[in-house]
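Structure record follows, encoded as structure tokens.
First listed ligand is number 1; within each ligand, the first listed atom is number 1. What you see is a predicted model, and the numbers here were worked out from it, not measured in a lab.
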Amino acid sequence: MHEVVWKNCLEYVKKRIPVQSYSTWFEPITPLKSEGNVLTIQVPSQFFYEWLEEHYVHLLKEAISLELGEGARLEYSVVVEKEKPATTNATSLRINKLNDRNATNSNGLNAAFIEDLKNENNLNPTYTFDNFIEGDCNRLGRSAGFAVAKKPGVTSFNPLMIYGGVGLGKTHLVQGIGNYIRSEDPTKKIIYVASEKFTNQFIDSLKNNNVQSFISYYRGVDILILDDVQFLRDKEKTQEIFFHIFNHLHQAGKQIVMTSDCAPKDLKGLQERLVSRFKWGLTADLQQPAFETRMAIIKRKIQEDGIYIPEEVIEYIAYTVDTNIRELEGVVVSLIAHASLMQVEVDLDLAKRVLKNIVKEIDSEVGIDYIQKTVSEYFHVGQEDLKAKTRKKEIVIARQVAMYFSKDYTNHSLKSIGYHFGGRDHSTVIHALQSVNDMMDTDSKFRYSVDELKKKLKMRTT
Ligand code: ADP
Ligand code: MG
């Protein structure tokens, strides 16, 4: 019954709004039940619900009134969104809002409950292997982490040390290990602790004269996950205590997992004996994700949120934000927030405007595409030739000049520039930059061309 009602409603809606809006906001809805004149539909997220209420409430009312008569009502059931730690201001704003609402959610899962779950062992259930996208950048770390999760304390990866820059997934990965172990064997005692917290707990225990209970608490765990050990830098006493806990756990065959923002050998201010122990097991680094991985991560994120973003926008974000994953997620959330505030749909124009505000140095006016267009016109070659294999001299020069400006005027990495020029690798780009610099030194006519182009491109920037 409710399925038929909903199907008819959809038909009504479909005729009245753009195809894109329809597939974004209506296709993901599932009808749940219809009782009397009330139809209940399930939407993928709170955000989704708010959007529908803001934009389509009248249309929906019309549609169901036709089906269920005057006074027909619509009720929503929101699929509960899991809490995630705030990443940017925009994210935390949105999450706070969601948490308020979650308290009244039909599933009865509320923020307080999630908080309780976390307090037990500080594991945040949203970080799992399932939602940790694999790429070349993290393959070793991920598979070592998974091996450890399956057999904690048994593999030779003890300790497991994951290192890498900010926002590249260290916390996610090691929390994923903890969550996996807990789901397999709830009796295992798993503690996740940030090094800063560990330090503070230790200092408190000194003050309160209960260092012993601090020590025995940590000695009693099966899996110790210590996040951001670089924080122990120059904290002699805390390092000392950790050294003893480490030895005890290791001898007892308990698993130790750590993260750090740099390789163990670069951990300045940590005692040598500690650092040398870190190297006993396996050390794996997380690197910046490649373009394809960034695409996959964005897709995963918007899928989780039940939101549609056009492919070209996803590509644009993935091209532009190549620093780290936290930033990438922040941009996506901010984009969605803007779209909802301004009551527009996410498109390329909006993405360009939003990214300009978020990612500073990015010059979204002069993009690689524009540079290629301007340069190829200037040299009378086809824009497509710049991406093609051809090695004709005039095309090679135009291509190199376009690469040179892409480096200067955009925020793209060498790798990303290469990608935009027919998938060439970053060493080709480096070579191009050198050639252009050399030619400018030796060939005044060439130099003049470059200056002319500079003027053209500058007109666009200012
Ligand atoms: P770090 O601890 O290295 O600073 P985090 O683990 O906090 O980084 O990751 C930052 C954000 O990026 C988190 O929201 C995390 O879920 C997300 N993230 C990182 N790596 C991945 C990945 N491989 N797949 C999906 N999300 C990721
Ligand atoms: Mg972290």
Side-chain angles (χ1 to χ4, degrees), residues 81-95 98 114 118 122-146 149 160-180 191-199 224-233 257-264 266-267 283-305 307 314 317-318 321-337 358-359:
E81 285 191 46
K82 293 185 213 140
E83 192 200 30
K84 270 219 159 186
T87 51
T88 66
N89 284 341
T91 328
S92 62
L93 261 180
R94 177 161 162 260
I95 283 164
L98 293 174
I114 295 175
K118 277 166 42 183
N122 294 310
L123 286 178
N124 177 344
T126 52
Y127 290 130
T128 63
F129 277 104
D130 280 347
N131 61 17
F132 188 80
I133 303 285
E134 182 173 349
D136 288 340
C137 57
N138 60 30
R139 189 156 287 125
L140 175 65
R142 190 185 188 282
S143 53
F146 198 55
L160 175 64
M161 167 67 111
I162 303 288
Y163 73 93
V166 58
L168 293 180
K170 301 181 295 293
T171 300
H172 187 142
L173 181 56
V174 299
Q175 284 261 351
I177 296 174
N179 280 316
Y180 186 92
I191 296 294
Y192 164 92
V193 64
S195 298
E196 182 171 9
K197 186 164 171 194
F198 182 85
T199 307
L224 176 61
I225 305 171
L226 189 64
D227 205 356
D228 291 318
V229 285
Q230 77 277 357
F231 189 85
L232 301 183
R233 191 172 288 153
V257 177
M258 290 174 294
T259 75
S260 155
D261 68 354
C262 61
D266 299 323
L267 273 170
T283 301
D285 66 334
L286 300 182
Q287 295 185 343
Q288 291 190 347
F291 173 73
E292 293 76 11
T293 313
R294 299 202 292 276
M295 289 282 289
I297 289 170
I298 301 174
K299 285 185 177 168
R300 168 90 211 185
K301 171 97 194 130
I302 59 180
Q303 185 200 338
E304 273 173 5
D305 286 358
I307 283 159
I314 300 177
I317 302 172
V321 185
D322 59 3
T323 44
N324 68 57
I325 298 165
R326 184 171 304 150
E327 187 142 79
L328 201 61
E329 289 189 343
V331 165
V332 172
V333 170
S334 179
L335 189 59
I336 295 165
I358 298 178
V359 187

task: Dump the intermediate steps for side-chain contact (heavy atoms from CB on, under 4.5 Å) on Tyr192 and Thr171, then the final yes or no.
output: CA-CA 10 Å; Tyr192 164 92; Thr171 300; 3.5 Å; yes
task: Check step by step if side-chain contact (heavy atoms from CB on, under 4.5 Å) holds for Leu328 and Lys301.
output: CA-CA 10 Å; Leu328 201 61; Lys301 171 97 194 130; over 6 Å; no
Ring center gap for Phe198 and Phe231 short of 6.0 angstrom: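 Distance test on ring centres: not under 6.0 Å, no.
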Below the 3.5 angstrom mark, is there an N/O of [X], backbone or side chain, next to an N/O of ligand 1?
X      : value
Leu168 : yes
Val166 : no
Ile133 : yes
Glu134 : no
Tyr127 : no
Gly169 : yes

query: In chain order, what residues pass the side chain to side chain donor-acceptor pair (under 3.5 Å) check against Thr259, with sequence neighbours excluded?
result: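 Once residues adjacent in sequence are excluded, the partners of Thr259 under the side chain to side chain donor-acceptor pair (under 3.5 Å) criterion are Asp227.
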field: ligand 1 contacted by Gly135 (non-hydrogen, < 4.0 Å)
entry: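 It does not; every heavy atom stays at 4.0 Å or beyond.
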query: Closer than 4.0 angstrom: is that true for some heavy atom of Gly167 and an atom of ligand 1?
result: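 Gly167 counts as a contact of ligand 1 under the 4.0 Å cut-off.
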- prompt: Ignoring water, what protein N, O or S atoms are under 2.8 Å from the Mg ion (ligand 2)?
  reply: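 Less than 2.8 Å away from the Mg ion (ligand 2) sit Thr171 OG1.
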task: Go through the structure and list residues passing salt bridge (Lys or Arg N to Asp or Glu O under 4.0 Å) with Asp136, not counting sequence neighbours.
output: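 By the salt bridge (Lys or Arg N to Asp or Glu O under 4.0 Å) rule, Asp136 matches Arg139.
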task: Side-chain contact test, heavy atoms from C-beta onward, threshold under 4.5 Å: evaluate it for Glu304 versus Thr126 and give yes or no.
output: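 Not touching, per the 4.5 Å side-chain cut-off.
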- request: Decide yes or no for Glu196 and Asp228: does some side-chain heavy atom of the first lie under 4.5 Å from some side-chain heavy atom of the second?
  value: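 No, their side chains stay 4.5 Å or more apart.
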- prompt: Taking it one step at a time, do Arg326 and Val166 satisfy side-chain contact (heavy atoms from CB on, under 4.5 Å)?
  reply: CA-CA 8 Å; Arg326 184 171 304 150; Val166 58; 3.6 Å; yes
field: Those residues that, when tested against Phe132, pass side chain to side chain contact (heavy atoms under 4.5 Å, CB included) (two or more places apart)
entry: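 For Phe132 the side chain to side chain contact (heavy atoms under 4.5 Å, CB included) partners, ignoring immediate neighbours, are Asn138, Arg142, His172, Leu173.
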- prompt: Hey, does the side chain of Lys170 reach the backbone of Gly164 with a donor-acceptor pair shorter than 3.5 angstrom?
  reply: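 Yes, the answer is positive, given that a donor and an acceptor are paired below the 3.5 Å cut-off.
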